[in-house]
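So the structure is just underneath, and the comments pick up after that.
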Amino acid sequence: MSRFSQKVLGIVLKIPLRRTMTYKEVAVLAGRPKAYRAVGNILNKNKDSKVPCHRVIRSDGGIGGYNRGKDAKVRILKKEGIW
DNA sequence: CGTATGACGTGCA
DNA sequence: GTGCACGCCATAC
C-alpha cells in the first residue's frame with residue numbers, strides 16, 4: 001500500500017456520520033490536491049468495508065460510483081438521510 | 001518499464 | 001443547461 005492510499009483510506013474512515021466529502025476534499029486532506037482522480041481509483045480497488053467510501057461523492061454533488069454498485073451507494077446515502 | 005484506465009474536475013463551445 | 005476535450009495521479013496490465 002502506498003502512503004497516499006493509506007492516508008486517503010484513513011481520511012475517508014474518519015468522515016463523521018451524516019457528512020459527505022468530495023473526492024477533491026479527500027485528495028486535498030491527503031496532501032495531493034490534484035490527485036482526486038487517483039482517490040477514486042484507490043477507493044475503487046479498495047475492498048475494505050470498514051471504509052465508508054459511499055460518503056465520498058463528486059464535487060458536482062452527483063453520485064460517482066461504487067465497487068459494490070452505485071445503487072447500493074445511493075441506498076446507503078438515502079438511509080443515512082443525506083439524500 | 002511503457003501504456004492504458006478510471007468512483008474526477010475545469011474550461012470552453 | 002448540455003456536451004466535448006484536456007489535464008492529473010495512482011494502479012493494473
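Naming: A, B, ... by sequence-line order, numbering from 1 per chain.
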What is the distance from CG of Asn41(A) to C1' of dA10(C), rounded to the nearest Å? 6 Å
Compare side-chain N and O positions of Ser59(A) against OP1 and OP2 of dC8(B) and report whether any pair is under 4.0 Å apart. no
Is the backbone N or O of Arg19(A) less than 3.5 Å from a side-chain atom of Arg55(A), with the two atoms forming a donor-acceptor pair by type? no
Report which part of the nucleic acid Lys70(A) touches: base, sugar-phosphate, or nothing (heavy-atom distance under 4.0 Å, all strands). nothing
Between Leu77(A) (CG) and dA7(B) (C1'), how many Å, whole number? 13 Å
Any donor-acceptor pair, under 3.5 Å, between the side chain of Arg37(A) and the base of dC9(C), if you only look at N and O atoms? no
Asp71(A) has an atom CG; how far is it from atom P of dA7(B), in whole Å? 16 Å
Ignoring hydrogens, what is the shortest heavy-atom contact between Tyr23(A) and Arg58(A)? Give both atom names and the distance. CE1-N, 3.6 Å
Between Lys45(A) and Leu43(A) (side chain of the first, backbone of the second, donor and acceptor by atom type, cut-off under 3.5 Å), is there such a pair? no
Begin from the C-alpha positions of Tyr66(A) and Asp71(A) and carry the test side-chain contact (heavy atoms from CB on, under 4.5 Å) through to its verdict. CA-CA 8 Å; Tyr66(A) 201 52; Asp71(A) 183 58; over 6 Å; no
Output the rounded distance in Å from CG (Leu43(A)) to P (dA7(B)). 11 Å
Rounded to the nearest Å, what distance is computed from the CG atom of residue Leu9(A) to the C1' atom of nucleotide dT11(C)? 13 Å
Test side-chain contact (heavy atoms from CB on, under 4.5 Å) on Arg68(A) and His54(A); report intermediate values, then the result. CA-CA 10 Å; Arg68(A) 294 211 144 101; His54(A) 58 268; over 6 Å; no
Figure out the CD/P separation between Gln6(A) and dT11(C), and round it to whole Å. 11 Å
Between Lys34(A) (side chain) and Val28(A) (backbone), is there a donor-acceptor pair under 3.5 Å? no
Taking atom C1' of dA12(C) as reference, at what distance in whole Å does atom CD1 of Ile42(A) sit? 13 Å
Could you work out which one of dA7(B), dT11(C), dG6(B) sits closest to the side chain of Lys45(A)? dT11(C)
Table of protein N/O atoms under 3.5 Å from nucleotides 2-4 of chain B N/O atoms:
none

Categorize Gly40(A) for me: base, sugar-phosphate, or nothing, with a 4.0 angstrom heavy-atom threshold over every strand shown. base
Any side-chain to backbone donor/acceptor pair from Asn67(A) onto Asn46(A)? Under 3.5 Å, distance only. yes
Asp60(A) side chain: which of dC8(C), dT5(B), dG9(B) is closest? dG9(B)
The side chain of Cys53(A) lies closest to which of these nucleotides: dG9(B), dA7(B), dA12(C)? dA7(B)
Please check if the side chain of Lys73(A) supplies one atom and the backbone of Gly65(A) the other of a donor-acceptor pair under 3.5 Å. yes
Is the closest basic N to carboxylate O distance between Lys50(A) and Asp48(A) below 4.0 Å? no
Rounded distance (Å) that lies between atom P of dC8(C) and atom CZ of Phe4(A): 15 Å
Looking at DNA chain B, which of residues 19-36 of chain A put a heavy atom within less than 4.0 Å of it? Tyr23(A), Lys24(A), Tyr36(A)
Main chain of Glu25(A), side chain of Thr22(A): is a donor-acceptor contact present, judged purely on distance under 3.5 Å? yes
